[in-house]
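Since the model is a prediction, treat every value here as computed from it, not as a measurement. Only heavy atoms go into these numbers, but all of them, side chains included; no hydrogens, no water, no symmetry mates.
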Amino acid sequence: MATESSEGEEETKLTGGNPQLVVDGDLREMAKMAAWSVSSCKPGNGVSSLRDDNYETYWQSDGAQPHLVNIQFQKKVKLQLVALYVDFNLDESYTPSKISIRAGDGFHNLKEIKTVELVKPTGWVHISLSGNDPREAFVNTFMLQIGILSNHLNGRDTHVRQIKVYGPRPNPIPHQPFQFTSSEFITYSTVR
């Protein structure tokens, strides 16, 4: 169920989660191209725990809310999907319940593009960055910020086990309207 909030960004309520990460084949993981930072962390539970592909480790914040994960890119990139692995069964009050996604050129001009409410999630939660308009299939940005606004059971600190950020795969042939998948089609895609 999606509802419009007063500020104009889209607010969505998500339940459950998927134990396996399932992503469309036309998306690629973009997070390796970025510099990651967090607003705070407990010793041994920092940014590296978000990116290690291990569901047993987690980033644990340390301080007042909101807890922030900042993802900065060298150049402007197209982003379409954010996937978070959270586990209410293991983390209980440390599990995020309200998440804000912001995008912009840097810290000075971040704009909230999505607010999501999670209801006891266990597994991968997919947050689409596309808007209601078909022309808004992705977000073109230098920086993405994920803000944990509140936790379940009014918890103070938060646990997030994994974060993945996906964007569309680039067309292998520039100025080519079709994406050919085989080398034979690519060979015959241009006329001399």
Under the 3.5 angstrom rule, does the side chain of Arg161 hit a backbone N or O of Asn54 as a donor-acceptor pair?
-> no
For the pair Thr122 (side chain) and Asp87 (backbone), establish whether a donor and an acceptor sit closer than 3.5 Å, ignoring hydrogens and angles.
-> no
So with a 6.0 Å cut-off around CZ of Phe88, is the heavy-atom count from everything else above 12?
-> yes
Would a distance-only check, ignoring hydrogens and angles, find a side-chain to backbone donor-acceptor pair under 3.5 Å from His159 to Trp59?
-> no
Mark yes or no for whether Arg169, through its side chain, and Gly25, through its backbone, hold a donor-acceptor pair below 3.5 Å.
-> yes
Side chains of Thr158 and Ser61, donor plus acceptor under 3.5 Å | no
Are more than 12 heavy atoms from other residues, nucleotides or ligands located less than 6.0 Å from atom CG of Asn154?
-> no
Residue pair Asn70, Met143: steps toward the side chain to side chain contact (heavy atoms under 4.5 Å, CB included) verdict = CA-CA 7 Å; Asn70 303 305; Met143 181 175 177; 3.6 Å; yes
Distance-only, no hydrogens or angles: does the Gln65 side chain make a donor-acceptor pair with backbone N or O of Gly155 under 3.5 Å?
-> yes
Determine yes or no for a side-chain-to-main-chain donor-acceptor pair under 3.5 angstrom, with Lys98 supplying the side chain and Thr115 the backbone.
-> no
Side-chain heavy atoms of Ile71 within contact of Trp36, under 4.5 Å | yes
side-chain contact (heavy atoms from CB on, under 4.5 Å) test vs Gln162 passes for just one of Leu84, Leu50, Asp52, namely Asp52
Exam field: side chain His67 to backbone Ile148, donor-acceptor pair closer than 3.5 Å = no
Measure the acute angle between the ring planes of Tyr55 and Tyr85, then classify it against the limits of 30° and 60° as parallel, tilted or perpendicular.
-> parallel
State whether the side chain of Ser150 and the backbone N or O of Ser97 hold a donor-acceptor pair below 3.5 Å, judged by distance alone.
-> no
Pair Lys164 + Asp53: basic N to acidic O under 4.0 Å | yes
